[in-house]
Amino acid sequence: MTKITVYEGESFDNAMRRFRKSVERAGILRDVKKHDVYEKPSERRKRRHIAARKKELKRQQEEI
């Protein structure tokens, strides 16, 4: 649960900016988007396999 304290004299914009940063750091939006639509297990495996392949290719490129 993300929670911020709004300080006295602090503008709404600054408080909202701090809240957004804390939500982003906590990964809440990413989690909500992930659970928004059902993903079949085979699609999840395929997505993870593609991500692993990209990560490996990137690591190999950095070695060169």
Side-chain angles (χ1 to χ4, degrees):
M1 181 77 173
T2 301
K3 182 177 175 181
I4 65 163
T5 304
V6 179
Y7 301 109
E8 190 173 329
E10 182 180 22
S11 69
F12 174 77
D13 292 331
N14 285 342
M16 191 64 178
R17 187 176 301 122
R18 286 191 308 120
F19 176 73
R20 284 186 186 142
K21 280 188 176 183
S22 67
V23 166
E24 184 179 329
R25 275 189 240 120
I28 294 172
L29 287 178
R30 194 175 335 119
D31 193 45
V32 168
K33 287 179 183 179
K34 185 173 84 174
H35 289 94
D36 190 30
V37 178
Y38 177 74
E39 184 179 25
K40 294 184 352 185
S42 61
E43 292 174 350
R44 187 178 311 138
R45 279 192 302 271
K46 183 178 179 181
R47 181 177 44 82
R48 288 180 179 170
H49 181 72
I50 291 170
R53 188 182 310 156
K54 284 182 181 180
K55 187 176 180 179
E56 179 64 24
L57 287 173
K58 184 177 180 182
R59 190 184 65 78
Q60 288 177 358
Q61 289 295 324
E62 290 176 354
E63 288 179 358
I64 296 176

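For reference, positions follow the sequence shown, starting with 1. None of these values were measured; they are calculated from a predicted model.
- When all heavy atoms are compared, the tightest approach of R18 to T5 is NH2-O, 2.5 Å.
- Residues E24 and R20 are not paired through a salt bridge, judged by the lack of any N-O separation under 4.0 Å between the basic side chain and the carboxylate.
- Sparse packing is recorded around CZ of R30, with 12 or fewer heavy atoms of other residues, nucleotides or ligands lying under 6.0 Å away.
- In the hydrophobic cluster analysis, where Ile, Leu, Val, Met, Phe, Trp and Tyr join through side-chain heavy atoms closer than 4.5 angstrom, F19 is grouped apart from V6.
- Linking Ile, Leu, Val, Met, Phe, Trp and Tyr residues whenever their side-chain heavy atoms come within less than 4.5 Å leaves F12 and Y7 in two separate clusters.
- Linking ILVMFWY side-chain heavy atoms closer than 4.5 Å, directly or via other members, places I4 and L29 in a single hydrophobic cluster.
- The environment of E8 atom CD is sparse: at most 12 non-hydrogen atoms of other residues, nucleotides or ligands sit within 6.0 angstrom.
- Using a cut-off of 4.0 Å between Lys/Arg side-chain N and Asp/Glu carboxylate O, R59 and E56 are scored as salt-bridged.
- If you take CD on E43 and CZ on R45, they are separated by 10.5 Å, rounding to the nearest 0.5 Å.
- The residue from E62, K54, Q61, K55 that alone fulfils the side-chain contact (heavy atoms from CB on, under 4.5 Å) condition with K58 is E62.
- Taken from CD in E10 to CZ in R17, the straight-line distance is 9.5 Å, to the nearest 0.5 Å.
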